[in-house]
> 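Below are the structure tokens for one structure; questions will follow.
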Amino acid sequence: MDYNKLAELLFPHITKEPAEYEKIYPKRNLPANAKITRLGPSPTGFIHLGNLYGAFVDERLAHQSGGIFYLRIEDTDDKRQVEGAVEAIISSLEFFGLTFDEGASMEGDKGDYGPYYQSQRAEIYQTYVKQMIHRGQAYPCFCTEEELAEIREEQEHLKENPGYYGKWAKHRNLSLEEIKSRIDQDQSFVVRLRSQGTHDCAEEEIKMISVEDGIRGTLTIPENDQDIVLLKANGIPTYHFAHVVDDHLMRTTHVVRGAEWLPSLPIHVELFQTLDWPLPIYCHTAQLMKMEDGNKRKLSKRKDPELSLDYYRSEGYHPKAVREYLLTILNSNYEEWRMESPDAPQSSFEFTVGKMSNSGTLFDLDKLNDISKDVLVKIPAQELCQFLIAWAKSYKTELVDLFVGHETYLVKILDLGRSGNKPRKDFVFATQMFEFISYFYDDYFKREDAYPENVSTEDAKAILSAYLESYDHNDDQTQWFNKIREIATTNGYAAKPKDYKKNPGLYKGHVGDVSTVIRIALMGRSMSPDIWEIQQILGERKTKERIHEVL
RNA sequence: GGCUCCAUGGUCAAGCGGUCAAGACACCGCCCUUUCACGGCGGUAACCCGGGUUCGAUUCCCGGUGGAGUCACCA
């Protein structure tokens, strides 16, 4: 077989030599230990927490080492393109604090190793494919979908491994004439790898290969024997081939990807070897799991829309909280570090791939919420106010007028009980925050809770009218509370909870019950920060009004 | 089904041949307290099973079992 002729027959339009690309995309001029990582999303526009989790690893590895983190769009599947998806991905990641040094961006490609859209790199891939054909490392395959299905059926019948390999690879050894005639008939073809591996032997002879994984250590896997598709009929490469060519030419040093790629690692290893390129360091991350029917399951794009990044954005989780959570599940020593350095910026933590867990991590909303509380309590009210406004503008437009123009009011509310050495940790995410402070806004104020059981309706009225009567907006907190004690006493409630505990028979309840009545009249619920402070913000008129309403 | 990965409390997760087997979340109790939080103290709760190796295995090896992933002209 004259491979030279074959290569020309198949790719007459390709005139460049691989060496030219090597020159255009030289080794990067960076310090020896600088890591080059990339995120390669397919533009379905959907990106979930699991993607962010992986992206974080990329970002940390690159930026901690003075390397490069770039964005490459893996749009080799034309059936799955979604309009505006790239923008959505970029803005999502940006929101959560992930920035790229290079690659696809809102303003177009950035950097010297582009184009960064795989769909625009057809000529590059074909150049390498042509070279492989020329060397006898690849060949055209004209099998139709039906033929492939037949092969599979027969393999299933014979209980052999499915796939296109060895003796099943029907077009592996077509003659040049045969190929020529099929081309003349305009038959479409794919280009396949002529795999050097063979499983067509006794089990113990199957060659195993070892790969050092950054997270998992030494991986021992059987070598590849599949004649996988390199180039699809439309001239666009499959993921496997695009990955190898791109990560080589873009000089990626660390390939971070989910564990679902582990089974195809042998393919990639063979490709790198065939092309005689050094292997990048693979880091196969554990999958983020979800509990379903008592079993853990990998997060899925289709099945778990509630785990899309947009879900967290719309619920109003603060990006810093999400990052903090991700970091704690990403590196087992992060939490410990955080306890020792509660105020250090996240970026000063030294992230290491070796500290990553390699079993699936269950996504834990409780934990996220808890972490979120700790994160939010440290954010100044002023900043929280801006955060709430930005959130409302995107996801809750009816609240915008409530906030904008009344920032001072909002800031006061958000700052309630947060000073001192035991600040309240009431806030978790925007939706919840607004719910929590909603009683400050008449349109959203509602009375939900009932008076305590030990307080009769008559007593409640008596307490409230006495409260209204003695109310002086200028009282300081102590004066105000002394009045409450008086009201408690005159109505048969203990002025101090301890008195009540000592002699429960002497009282109907204690001062706490009295304040609860007032609290419910004012806020509509039995849980809230300090009543006096709330009244100061609410103002005298509104305070009195609300008491009046229930009398 | 083949292949691969994984296996410590409900969840996340330290551990790397000898520990009373950390810690965090959740849960429960107590304290603080005018409510709810916050905070403090305490509590319930774990090494999948069976063989080895060893003076000694959660830790190393083998075999089960269980879970997950993957077997496309999708990534």
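Chain letters run A, B, ... following the sequence lines, proteins first, then strands; residues in each count from 1. Bear in mind the structure is a predicted one, so any value in this text is a computation, not a measurement.
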> Using Watson-Crick or G-U wobble pairs with both distances under 3.5 Å, give me RNA chain B in dot-bracket, 5' to 3', with [ ] for crossers and | for pairs to another strand.
((((((((.[[[..)..(....]]].(((((.......)))))....[[[[[..)....]]]]])))))))....
> Of the options B:rC73, B:rA68, B:rA75, whose atoms approach the side-chain atoms of A:Glu74 most closely?
B:rA75
> To the nearest Å, give me how far apart CD1 (A:Ile236) and C1' (B:rC74) are.
14 Å
> Which whole number of Å gives the distance between the C1' atom of B:rA45 and that of B:rA26?
12 Å
> More than 12 heavy atoms of other residues, nucleotides or ligands under 6.0 Å from NZ of A:Lys378: yes or no?
yes
> At 4.0 Å (heavy atoms only), tell me whether A:Arg192 reaches a base, stays on the sugar-phosphate, or touches nothing.
sugar-phosphate
> In whole Å, measure the gap between the C1' atoms of B:rC20 and B:rC48 for me.
24 Å
> How far does the P atom of B:rC28 sit from the matching atom of B:rU70, given to the nearest Å?
38 Å
> With C1' as the reference atom in both, quote the distance from B:rU58 to B:rA68 in angstrom, rounded to an integer.
22 Å
> Kindly state each residue pair satisfying side-chain hydrogen bond (donor to acceptor under 3.5 Å, both in side chains) with at least one member in residues 511-530 of chain A, sequence neighbours excluded.
A:Ser438-A:Arg525, A:Asp449-A:Ser526, A:Asn454-A:Asp513, A:Gln477-A:Asp530, A:Arg519-A:Ser528
> Over how many whole Å does the gap from A:His284 atom NE2 to B:rU70 atom C1' extend?
12 Å
> Are the side chains of A:Phe241 and A:Met132 in touch, meaning some heavy atoms are under 4.5 Å apart?
yes
> Could you give the distance separating B:rC27 and B:rA37 at their P atoms, to the nearest angstrom?
10 Å
> Between A:Lys367 (NZ) and B:rG23 (P), how many Å, whole number?
13 Å
> Distance check needed: B:rC12 P versus A:Asp370 CG, whole Å only.
16 Å
> Want to settle it: does A:Asp364 or A:Pro41 sit nearer the 5' end of RNA chain B, counting the closest nucleotide to each?
A:Asp364
> Say you pick atom P in B:rG52 and the same atom in B:rC16; how far apart are they, in whole Å?
27 Å
> Rounded to whole Å, how long is the line connecting atom CG of A:Asn224 with atom P of B:rC71?
13 Å
> Using a 4.0 Å heavy-atom cut-off across all strands, classify A:Arg525 as base, sugar-phosphate, or nothing.
nothing
> Along nucleotides 28-41 of chain B, 5' to 3', which nucleotides get a B, which get an S, and which get a -, given that the test is a protein heavy-atom distance under 4.0 Å?
----SSBBBBBS--
> So, using salt bridge (charged side-chain N to carboxylate O under 4.0 Å, His left out) as the criterion, who are the partners of A:Arg192 when residues are at least two apart?
none
> Applying salt bridge (charged side-chain N to carboxylate O under 4.0 Å, His left out), name anything that partners A:Asp475, two or more places apart in sequence or on another chain.
A:Lys483
> Can you sort out the partners of A:Lys498 under side chain to side chain contact (heavy atoms under 4.5 Å, CB included), two or more places apart, ordered by chain and number?
none
> Using a 4.0 Å cut-off on heavy atoms, which residues in residues 143-158 of chain A reach RNA chain B? List them by number, or say none.
A:Cys143, A:Arg152
> Do A:Gln287 and A:Glu260 have side-chain atoms, one donor and one acceptor, less than 3.5 Å apart?
yes
> Can you confirm whether the side chains of A:Asn369 and A:Tyr317 place a donor and an acceptor under 3.5 Å from each other?
yes
> What is the distance, to the nearest angstrom, from the OH atom on A:Tyr117 to the C1' atom on B:rA75?
17 Å
> Just to verify, what does A:Arg152 make a salt bridge (charged side-chain N to carboxylate O under 4.0 Å, His left out) with, not counting sequence neighbours?
none
> Can you check the distance between B:rA22 and B:rG15, where both ends of the measurement are the P atom (answer in whole Å)?
14 Å
> Can you list everything that forms a side chain to side chain contact (heavy atoms under 4.5 Å, CB included) with A:Thr490? Sequence neighbours excluded, please.
none
> Hey, does A:Ile531 have a side-chain heavy atom less than 4.5 Å from the side chain of A:Trp480?
yes
> Do the side chains of A:Tyr239 and A:Ser42 get nearer than 4.5 Å, heavy atoms only?
no
> What integer distance in Å separates A:Leu288:CG from B:rC12:P?
11 Å
> Both conditions, 6.0 Å and 45 degrees, for the charged tip of A:Arg546 above the ring of A:Phe445: are they met here?
yes
> Between A:Ala259 and A:Ile221, which is nearer to the 5' end of RNA chain B once each is assigned its nearest nucleotide?
A:Ile221
> A:Lys232 side chain: which of B:rU70, B:rC73, B:rC3 is closest?
B:rC73
> Polar-atom pairs under 3.5 Å, protein N or O versus N or O of nucleotides 13-16 of chain B: list them with distances, or write none.
unit_1: B:rA13; atom_1: OP1; unit_2: A:Ser357; atom_2: OG; d: 2.9
unit_1: B:rA13; atom_1: OP1; unit_2: A:Thr361; atom_2: OG1; d: 3.0
unit_1: B:rA14; atom_1: OP1; unit_2: A:Ser332; atom_2: OG; d: 3.0

> If you round to the nearest 0.5 Å, how far is CD1 of A:Ile379 from CG of A:Leu414?
11.0 Å
> Could you list the residues that satisfy salt bridge (charged side-chain N to carboxylate O under 4.0 Å, His left out) with A:Lys320, not counting sequence neighbours?
none
> Mind checking the C1' distance from B:rC47 to B:rC60? Whole angstroms is fine.
16 Å
> Write out all pairs satisfying ring-ring contact (aromatic ring centres under 6.0 Å, His included) with one or both partners inside residues 140-161 of chain A, taking only residues at least two apart or from two chains.
A:Phe142-A:Phe189
> Quickly work out the A:Ile267 CD1 to B:rC71 P distance and round it to whole Å.
9 Å
